[in-house]
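Report on the structure given below.
Residue numbers begin at 1 in each chain, while the letters A, B, ... track the order of the sequences.
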Amino acid sequence: MVRAGGITNAVNVGIAVQADWENREFISHISLNVRRLFDFLVQFEATTKSKLASLNEKLDTLERRLELLDVQVDTASSNPSLFAT
Amino acid sequence: MIEVEQSRPLNPVMNFDEVSMERSKSFVKALQELKNLRPQLYSAAEYCEKSYLHSEQKQMVLDNLKDYAVRALVNAVDHLGTVAYKLTDLLEQQTSEVSTIELNISCVNQQLLTCQTYMSREGLRQQQLLAFIPRHHKHYILPNSVNKRVHFSPHIQTDAVKNSIQARARLRPSGIPASKTLSWHLASETKSTLKGIPHASTSTEDARTSGMTSEVFHLVDVEETSRTKSSATHLQLPSGGPASGAIVQTSGAPDAMESSKALTTYRSFENQNRRAIAHVPVRSKSVLSAFFVKQKTSKMKAGSVA
């Protein structure tokens, strides 16, 4: 009786260990995918930041050119006699 | 999320602003849904913890929890992918819009530069019509006969005459006869206008002791006057006065011979000029008169425009 109980216990322990190993494997898979998701997010953030910075720089340049054109057109329009032939 | 996108009808009639508005709206919606995932996951985790602790069928709770974790992860990845795709699409759209704006600004800039160039050319053209730029200024090209007309005085600058004489000497070796050069024509033209002057020049010649005949010889006259002045200063010196004066006088004798030779050469040149001048006036009227008439008409135009 005692031996049968011991065998049962050993089987239970074995099953428990196996279940534990499966759980650990599942957890490792989940954690691995979460880390991959994190890496994707970091890479996506860097790419988006660079794109936004370049866009911002382009907009600044365009803004300055527009200001220059505005001043030139105002200068030309303030003296209409220049266009008289 | 994918079903929502598929159910949206495609409307090709929408213009560019509406399409951009739709894109930005969808991006905001996807971002809001991703943000809403966080409290859902937190609430699901608390429920699973409480049910595992209080329930008797722990294995079933554990299995349910594993399935829910996998679905939640897949759902989160899906939401993140949607947000990333929409954000990238929005950035590309705005980049293309900025490029279009840059092209339009370049076009406007080019048009402005064209207008400026046209205005500057027009102004330059108008100024060119008014400006009178003298060509072949006589002062720098023509011989001493022109200086007579411009600065008629016996005490003429020697440097200008020397340059004119040197220029004449340079022209001679070129092989072109003096009767056919432009400077010669202009000189002859001025010579013809000064017909009354030679009488005064002859009177000055007689007055001079060195024997010079016209303003052409003023260089020699200046040299002689300078020599006479130096001799006078030497004679005036108290120390060794008469000896120095004798030395100067003796040294002046060979110079006088050279000066007489120079006089003869200059006299011959002047005679050639005078002989050539006699034939010129007929030709000068046909060529130079037209030239001067044109100048006068341009002056008249300038007067009228002003």
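The residue among B:A76, B:S99, B:A69, B:S106 with the most heavy atom pairs within less than 4.5 Å of chain A is B:S106. Among A:L41, A:T61, A:T47, A:L59, the residue with the largest count of heavy-atom pairs under 4.5 Å with chain B is A:L41.
Note that the CG atom of A:L37 and the CG atom of B:L80 stand 5.0 Å from one another [nearest 0.5 Å]. For the atom pair B:L87 CG and A:F44 CZ, the distance stands at 4.5 Å (nearest 0.5 Å). With values rounded to the nearest 0.5 angstrom, B:L73 atom CG is found 12.5 Å from A:H29 atom NE2.
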Audit row: B:V70, A:F26, side chain to side chain contact (heavy atoms under 4.5 Å, CB included) steps and yes/no: CA-CA 10 Å; B:V70 170; A:F26 175 78; 3.5 Å; yes
Side chain to side chain contact (heavy atoms under 4.5 Å, CB included) between A:L68 and B:N109: does it pass, once the steps are laid out? CA-CA 9 Å; A:L68 179 64; B:N109 196 12; 6.0 Å; no
Walk me through whether B:I101 and A:K58 qualify under side chain to side chain contact (heavy atoms under 4.5 Å, CB included). CA-CA 10 Å; B:I101 291 167; A:K58 274 188 183 179; over 6 Å; no
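Residue contact with chain A, scored on non-hydrogen atoms closer than 4.5 Å, involves the side chain of B:L112 exclusively. At a 4.5 Å heavy-atom cutoff, B:Q59 makes no contact with chain A through either its backbone or its side chain. In this structure, chain B has a heavy atom under 4.5 Å from the side chain of A:L55, while its backbone stays farther away.
Counting all heavy atoms, side chain and backbone alike, B:E102 lies closest to A:L62 at CA-CD2, 3.5 Å.
For the pair A:V73/B:V108, no side-chain contact is recorded, criterion being any heavy-atom separation below 4.5 Å from C-beta on. Considering only heavy atoms from C-beta on, B:T88 comes within 4.5 Å of A:K51 through its side chain. Side-chain atoms of A:F40 and B:V77, non-hydrogen and from C-beta on, never get closer than 4.5 Å to each other.
Open room surrounds NZ on B:K50; 12 or fewer heavy atoms of other groups in view lie less than 6.0 Å from it. A 6.0 Å sphere centred on CD of B:E49 holds no more than 12 heavy atoms belonging to other residues, nucleotides or ligands. Annotation for B:Q57: atom CD does not count as buried by contact number, only 12 or fewer foreign heavy atoms lying within 6.0 Å.
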